[in-house]
Amino acid sequence: MNAPGTPLVVLDHVNKHYGELHVLNDIDLTIARGEVVVVIGPSGSGKSTLCRAINRLETIDAGTITIDGQPLPSEGAALAQLRARVGMVFQSFNLFSHKTVLQNVTLGPMKVAKQSKAEAEAQAMKLLQRVGVANQASKMPAQLSGGQQQRVAIARALAMRPTVMLFDEPTSALDPEMINEVLEVMVGLAKDGMTMIVVTHEMGFARKAADRVIFMADGRIVEDATPAEFFDHPKSDRAKDFLSKILAH
Amino acid sequence: MVIFDNLPLYFEAFLQTLSLLLLATLFALPLGVVIAAMRISPVGSLRATATVYTEILRNTPLVLVFIFCFVVLPILGVVLPFMFSAVLALTLYTAPFFAEAIRSGVNGVPVGQAEAARSVGMTFGQTVTLVVLPQAIRSVVPPLINVMIALTKNTSIAGGFFIFELFGSGRRLINANGDQVIAVLVGVAIFYLLITIPLGQLADALERRVAIKR
């Protein structure tokens, strides 16, 4: 069951509307254990909504989402338990602004996973080391650069020992010189075999680390291909148009 | 001079004002928390109830609330001690102001904070108590103190309803010392300022501390 290649996240006929807008249109998607999937597409294509639906920060109108064979619970303690196993990294970092960097990473393990403080702190320091911000552990989030904050956010998500990590445009709010330090951490994670779903505009990352690229437009999955196939030989006109626009300069 | 001659009287009235303030805060603050929680809750009927209560009480003159507690309730057969009625009126009137201060503080915490908390697996209760409220409280304390300052001044209405507090003491002293009206009122004002100025300074100090932490 835990072997690489077995299905981990399965979306089956998922639909969602925002009023008139059909933001997720009959999405079928299977992500295997250990797979790194990059989701790209024009803004408003539904890619962020897709990412957020997987840990139910967005509800869906129809269809099913299962993680590790378990359907997403609708609310309550069961949902909280499931979310603990799904790491999420946000565009705007969302570090707890009243907690230090270290506390940001230990809060979930202590309060949700009921680890002891010593255990949680030892693990947190290891993770902060791994993302390269261990020397900032006692600072408040606001004292860190955007790139550092995002790396702390990755450590915070990893501290819950997730089976899958969701990244919702993790570098879109960063200054250009800070994008690489975050992408390097993500590439490292991918190499370690973490299952990742990454919504991003970073084509370099997609080529380097992704197993698959999903191209979305108007709430649909338009293409599902390897990075090489997708970037070099896009099949649909939508994808060709999109790539020509973002790769023009 | 009339102030120094009547210090014991002023002091007795001052203590009564202070106990009105403290008792009303003691009851109105928890009630305000409940109303604020109702107004941000996902349950529509709770939201509606809290909204109606807030809008009615907040937009009614305090004197009317006092008349309701001191005149209407006895007519309806509910006879309460005067002090009890005064605290009730002040509590009913002040709770919505506390609630609005708390609600604006909670709304001031970015949605992403709650989403991040939920995404590490926290329950709704943990999200509120560990992440949202601690951040809301920092920005909520100064406005809460401002509500208390307004409440301090509002306790004077009780002086018109059989309670011997600062305003009531002023009236009694004016009746007895018609030639020293200004001195009597200055004395009353000083005792109010004894409460409100320290409160205001506390609010300022807390506001500065919050500003530094951010």
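All figures in this text were calculated on a predicted structure; none of them were measured in a lab. Below, chain A is the first sequence line, B the second, and so on; all start at residue 1.
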Enquirer: Can you say whether A:F90 sits under 4.5 Å from chain B via the side chain, the backbone, both, or neither, judging by heavy atoms?
Expert: side chain
Enquirer: Just checking heavy atoms, which of residues 99-124 of chain B are less than 4.5 Å from chain A?
Expert: B:G112, B:Q113, B:E115, B:A116, B:A117, B:R118, B:S119, B:V120, B:G121, B:M122, B:T123
Enquirer: Taking 4.5 Å as the heavy-atom cut-off, does anything in residues 61-88 of chain B contact chain A, and if so which residues?
Expert: none
Enquirer: For B:L130 and A:K99, work out which heavy atoms get closest and say how close.
Expert: O-CE, 4.3 Å
Enquirer: Between A:L95 and chain B, which part of the residue has a heavy atom less than 4.5 Å away: side chain, backbone, both or neither?
Expert: backbone
Enquirer: Does CZ belonging to B:F14 count more than 12 external heavy atoms closer than 6.0 Å?
Expert: yes
Enquirer: Identify the heavy atoms of A:K111 and B:Q126 that sit nearest to each other, and give their distance.
Expert: O-NE2, 3.1 Å
Enquirer: Where does A:R52 contact chain B at under 4.5 Å (heavy atoms): side chain, backbone, both or neither?
Expert: side chain
